[in-house]
Amino acid sequence: MLRLHEVTMRFGALNAVDGVSLTVAEGERRALIGPNGAGKSTLFATIAGSLRPTAGTIEFAGRDVTKLPEHRRARLGIARTFQHSSLFTGLTCEENVALAVRSRQGVGTRIWSSPAANLRTKQEAARFLDLMELRAGTLAGSLSHGEARRLEVAMSLARDPRLLLLDEPAAGMSAAESAKFAELIQVLDTTLLIVEHDLDVVFAVASHVTVLAAGQVIADGAPAEIRASEEVERVYLGTTKEIWC
Amino acid sequence: MNPRIKGVAVAAVLAVMAVMPYVLDPYRLDLLSGGLAYGLMAASLAFLVGHGGLPSLGHAAFLGVGAYAAGLTAKHLTANALGQLLVAIAAGVVFALLTGWFAVRTKGFFFLMFTLAIGEIAVQAATRSTRVTGGDNGLSGIPKAELFGLDAVVPYVAAFYWWALAVVALGFGALVLLRNSPLGRAVAGARENEARMAALGYHVTGVRLAAVVIAGAVCAAGGALVEQKDTFVAPTHLEIGVSVLLLVMVLLGGRDSLAGPLVAGVALIVLRAVTSTALGDKWLLVEGALFVICVYLLPGGLQGLWRRRAQAA
């Protein structure tokens with residue numbers, strides 16, 4: 001489904017992502033963990049297409065997408081959420097999701113749509129709003145933090161993606177909120193790549209875990225193996241315990 | 001507002017406007033025709049600035065493109081008013097594509113500066129290409145537009161008023177429909193959050209370019225009306241002062257609305273005629289004062305005032 005080959009992203013002298021190779025199979029739920037500054041978000045941006053890697057190639061669904069701009073990759077089936085909620089704050093929840101629905105239907109820039117088509121869009125949007133437990137009429141700018149995170153996911157899902165990139169979806173959520181969020185995610189059958197600091201969410205959701213440190217992959221495996229790995233413990237889980245627990 | 005009530009209200013306004021030739025004297029009727037043209041152009045600018053989030057300081061360039069295109073068509077091709085209008089709209093679209101292709105790659109302040117530069121270049125082009133445009137003296141000797149034989153039945157000024165009213169109503173209707181269309185919603189999305197639009201699969205610069213083309217085409221239609229009314233167009237029609245006047249209409253009318261700027265456009269043209277007869281050059285003082293008042297007291301413009309009253313009621 002997704003294959004990264006030696007992807008490198010350099011900012012001046014800094015190698016934010018340093019030769020990462022990674023394969024995500026169809027239907028897999030891959031978590032990407034690592035300490036702050038490990039290059040997780042940067043790697044995400046290169047996969048989504050908002051950054052073009054300095055070196056390396058990115059293949060999606062058997063196609064080299066390294067040079068494709070972000071909106072073209074989105075049309076191929078890559079959807080992402082943003083680390084900091086990135087919504088249309090002046091529009092309602094419904095309209096936020098409807099923009100995604102219309103983009104998927106391929107009618108996003110039509111100059112006319114029939115009342116029947118409008119109704120279909122509305123119903124489609126309602127499906128995702130219900131799934132994420134959001135109300136249609138609320139202004140996106142007035143949502144609570146947890147609701148905003150869920151709207152992020154609803155918009156990404158409304159594109160019916162083949163690959164969903166979730167960048168710290170549970171950041172800033174309360175324990176109860178993030179547990180509920182993990183439940184919502186678990187019922188999705190999309191191939192998933194998730195960056196997350198909340199290890200409860202990671203181990204609840206992921207089928208595979210990749211650990212990134214200083215821009216490089218240092219471990220890769222099933223959640224249980226990662227939990228048992230000493231090196232991971234040292235560079236990441238250890239510090240995490242001190243900081244987060 | 002309930003769609004049925006809205007439909008009745010629109011029909012009532014159109015009906016009242018349509019009988020104006022039987023109410024107003026020729027001078028006032030002519031003034032109202034001009035007001036409608038500027039109202040349409042103000043609404044097109046509101047689509048760009050308010051709905052699209054693209055602040056333009058060179059919108060008068062589209063007025064000029066439409067006016068010169070219609071005038072040149074009248075002199076060299078056809079006396080038919082509709083033919084002139086269509087050429088003007090086509091010219092507006094081409095000009096929007098040429099300038100917009102660059103402009104939409106800039107944002108905010110830089111978009112403002114870029115459109116300012118385009119406006120200045122348009123003035124220079126109109127002034128310098130003397131053989132085509134008549135230079136500083138303007139394009140004169142334009143024959144009156146033929147109004148489908150309507151002027152044989154009623155005085156020309158009345159026939160022209162109806163023509164202008166029809167063009168403005170259709171142009172404004174098109175703007176409203178486009179604003180509510182999927183494309184219009186994508187334009188609003190691009191205003192709200194560019195990165196998210198790209199992530200959703202939208203070509204953001206393409207969407208913005210579409211907004212510029214829509215606003216440019218409608219404004220050029222208004223420009224054609226301005227030329228047809230006076231059978232004259234000069235570089236002064238394109239000057240920064242005119243762009244600013246259109247912006248004042250947008251601010252006064254409320255930039256979140258299309259109807260507000262339309263009304264403000266008509267009102268401001270009428271007010272200018274009244275005050276400039278009474279005060280001469282001091283009209284500019286009135287315009288400046290209005291501008292200050294609407295920025296301080298009416299941040300939402302007339303539309304905002306309307307909404308506040310609706311909420312209070």
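First the proteins, then the strands, lettered A, B, ... as listed; each starts at 1.
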Best-contacting candidate, B:A198, B:G206, B:A210, B:G189, against chain A by heavy atom pairs under 4.5 angstrom: B:A198

Exam field: side chain A:T191 to backbone A:G27, donor-acceptor pair closer than 3.5 Å: yes

Non-neighbouring partners of A:E28 that pass salt bridge (charged side-chain N to carboxylate O under 4.0 Å, His left out), sequence neighbours left out: A:R30

Over 12 foreign heavy atoms within 6.0 Å of CZ, A:F11: yes

Side-chain donor or acceptor of A:K40 paired with backbone N/O of A:G34 under 3.5 Å: yes

Sidechain-backbone polar pair: A:S207 side chain, A:R29 backbone, donor-acceptor under 3.5 Å: yes

Counting backbone as well as side chains, what donor-acceptor pairs lie under 3.5 Å between chain A and chain B?
unit_1	atom_1	unit_2	atom_2	d
A:R75	NE	B:G201	O	2.8
A:R75	NH2	B:G201	O	3.1
A:R80	O	B:R196	NH1	3.1
A:S86	O	B:R196	NE	3.0
A:S86	OG	B:N193	OD1	3.4
A:S86	OG	B:N193	ND2	2.7
A:L87	O	B:N193	ND2	3.0
A:T89	N	B:E192	OE1	3.3
A:G90	N	B:E192	OE1	2.7
A:E95	OE1	B:R185	NH1	2.8
A:L99	O	B:Y202	OH	2.6
A:S103	OG	B:L200	O	2.5
A:R110	O	B:L183	N	2.8
A:E152	OE1	B:R196	NH2	2.8
A:E152	OE2	B:R196	NH2	3.0
A:R159	NH1	B:L200	O	2.6

Side-chain heavy atoms of B:V263 within contact of B:L252, under 4.5 Å: no

Part of A:A100 lying under 4.5 Å from any heavy atom of chain B: both

Choice from A:G90, A:A74, A:G108 maximising heavy atom contacts with chain B below 4.5 Å: A:G108

Main-chain N/O of A:I58 paired with A:R3 side-chain donor or acceptor, under 3.5 Å: no

